[in-house]
Protein chains: 2
Amino acid sequence: MIDDRATGPQLSRGEFGLLLLGLLGRREMYGYEIVAELRRTSEGAIDLPEGTVYPALRRLERDGLIGGNWVEVGSGAPRRRYYRLTLDGERALADGRKDWLRFRDAADAVLG
Amino acid sequence: MIDDRATGPQLSRGEFGLLLLGLLGRREMYGYEIVAELRRTSEGAIDLPEGTVYPALRRLERDGLIGGNWVEVGSGAPRRRYYRLTLDGERALADGRKDWLRFRDAADAVLG
DNA sequence: TCGGTGTACCTAGAGTCTCTAGGTATCGAG
DNA sequence: CTCGATACCTAGAGACTCTAGGTACACCGA
């Protein structure tokens with residue numbers, strides 16, 4: 001009766017948000033670090049600009065999936081806003097992971 | 001110097017368009033058929049509504065990646081618009097496939 | 001004959017997201 | 001003193017997805 005699509009519409013709408021959840025599921029991180037980390041570990045395959053990442057983090061926080069707190073690093077360095085998953089965020093990550101696997105396999109079947 | 005991202009911005013922006021190219025790379029198809037085919041073969045993992053597919057096909061045609069032609073089926077059945085890849089479309093599919101693989105692996109590394 | 005279902009196309013508009021292109025501020029190196 | 005790095009931010013344009021309809025015809029069952 002009701003549709004079973006957990007990601008709301010489809011994947012790919014909040015796909016980048018899911019990626020951020022995935023990173024934060026590993027450890028606390030701050031925005032600038034996330035940008036650099038994605039660029040580095042994906043060798044450019046995922047190159048989200050700051051203008052994408054910061055708003056996405058704010059949306060995730062607004063939606064209660066992550067929580068952030070300011071950390072002073074001292075000695076004139078800019079303060080950082082570290083984010084971590086909330087309980088809702090962990091659930092969303094688990095669901096999103098399942099959706100990603102399903103979507104990935106279906107897309108692979110088409111693009112294989 | 002220049003960025004090497006073939007899919008314009010990132011993947012996922014035109015990700016569904018790429019999926020359509022992938023399908024049409026196999027054989028000629030018409031919109032209604034594509035909707036049903038995706039739903040069926042992906043077992044619901046990709047469930048693009050008509051309101052997504054038809055405009056996407058028109059964009060791809062507008063951009064010269066696919067070409068469509070009307071086919072009368074006869075006996076009162078609605079006519080169908082069959083689409084096939086253009087040469088530009090085949091190139092875009094080949095590029096998009098590479099991007100997809102890179103993106104997929106990077107996302108798997110994060111979500112794995 | 002009337003309503004429902006299936007085929008097959010279409011669109012307007014709302015909502016959401018991504019990206020560009022800036023901006024702020026501080027520090028250290030050259 | 002200018003440049004690059006660190007870190008954050010935003011406005012606005014543009015693009016896309018989805019909802020929720022609509023058109024038109026044929027067929028089938030009650």
Side-chain angles (χ1 to χ4, degrees), chain A residues 2-3 5 7-21 28-40 44 46-63 65 68-83 96 99 103, chain B residues 2-3 5 7-21 28-40 44 46-63 65 68-83 96 99 103:
Chain A
I2 305 300
D3 79 297
R5 286 172 292 172
T7 326
Q10 204 70 197
L11 242 189
S12 119
R13 235 299 153 274
E15 195 170 83
F16 292 164
L18 178 58
L19 243 24
L20 297 184
L21 290 183
E28 276 192 14
M29 293 181 83
Y30 58 98
Y32 197 81
E33 185 187 13
I34 289 174
V35 173
E37 172 96 348
L38 275 179
R39 236 189 289 264
R40 193 176 53 76
I46 303 175
D47 185 13
L48 299 181
E50 296 182 23
T52 298
V53 169
Y54 287 118
L57 288 170
R58 297 178 82 74
R59 278 196 300 277
L60 291 173
E61 186 172 23
R62 180 201 62 193
D63 296 343
L65 302 182
N69 68 303
W70 290 106
V71 174
E72 300 291 341
V73 192
S75 77
R79 60 188 187 160
R80 305 168 176 170
R81 188 159 179 83
Y82 275 92
Y83 291 98
D99 292 338
F103 176 84
Chain B
I2 305 299
D3 79 296
R5 284 171 292 169
T7 327
Q10 204 71 195
L11 244 188
S12 118
R13 234 303 154 266
E15 195 170 82
F16 292 163
L18 178 59
L19 244 22
L20 298 183
L21 291 182
E28 277 192 14
M29 292 181 85
Y30 57 98
Y32 196 81
E33 186 186 12
I34 288 174
V35 173
E37 172 96 346
L38 275 180
R39 235 190 289 266
R40 193 176 52 76
I46 302 176
D47 184 14
L48 299 180
E50 296 183 21
T52 297
V53 169
Y54 287 117
L57 288 170
R58 298 178 82 74
R59 279 196 300 276
L60 291 172
E61 188 172 23
R62 181 200 62 195
D63 296 341
L65 302 182
N69 68 302
W70 290 108
V71 174
E72 300 291 341
V73 193
S75 77
R79 60 186 189 162
R80 304 169 177 169
R81 188 158 179 83
Y82 274 92
Y83 291 99
D99 292 338
F103 176 84

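A note on names: the letters A, B, ... follow the listed sequences, proteins ahead of strands, and every chain is numbered from 1.
- Taking 4.0 angstrom as the limit, A:Tyr54 places none of its side-chain polar atoms (N or O) nearer than this to OP1 or OP2 of D:dC9.
- A:Arg58 and A:Glu61 are not joined by a salt bridge, as no carboxylate oxygen comes within less than 4.0 angstrom of a charged side-chain nitrogen.
- Projected onto DNA chain C by closest heavy-atom contact, A:Pro55 and A:Pro78 fall at different nucleotides, the more 5' of which corresponds to A:Pro55.
- Within the 4.0 angstrom heavy-atom criterion, base atoms lie near A:Gly51.
- The side chain of A:Tyr32 places no N or O atom within less than 4.0 Å of a non-bridging phosphate oxygen (OP1 or OP2) of D:dC8.
- Within the 4.0 angstrom heavy-atom criterion, no nucleotide atom of any strand lies near B:Glu33.
- Comparing the local axis fitted to the first five base pairs of the helix from C:dT1-D:dA30 to C:dG30-D:dC1 with the one fitted to its last five gives a bend of 0°, rounded to 10°.
- Candidate nucleotides D:dT6, D:dC9, C:dC19 were compared by shortest atom distance to the side chain of A:Arg58, and D:dC9 ranks first.
- B:Arg81 places a side-chain N or O within 3.5 Å of a backbone atom of B:Gly68 that can act as its donor or acceptor partner.
- B:Tyr30 has no side-chain polar atom (N or O) that falls below the 4.0 Å cut-off from OP1 or OP2 of C:dC9.
- Taking for each of B:Ala77 and A:Val73 the nucleotide of DNA chain D with the nearest heavy atom, the 5'-most of the two is the partner of A:Val73.
- Closest approach to the B:Arg80 side chain among C:dT7, C:dC19, C:dT11 is made by C:dT7 (side chain taken as heavy atoms from C-beta onward).
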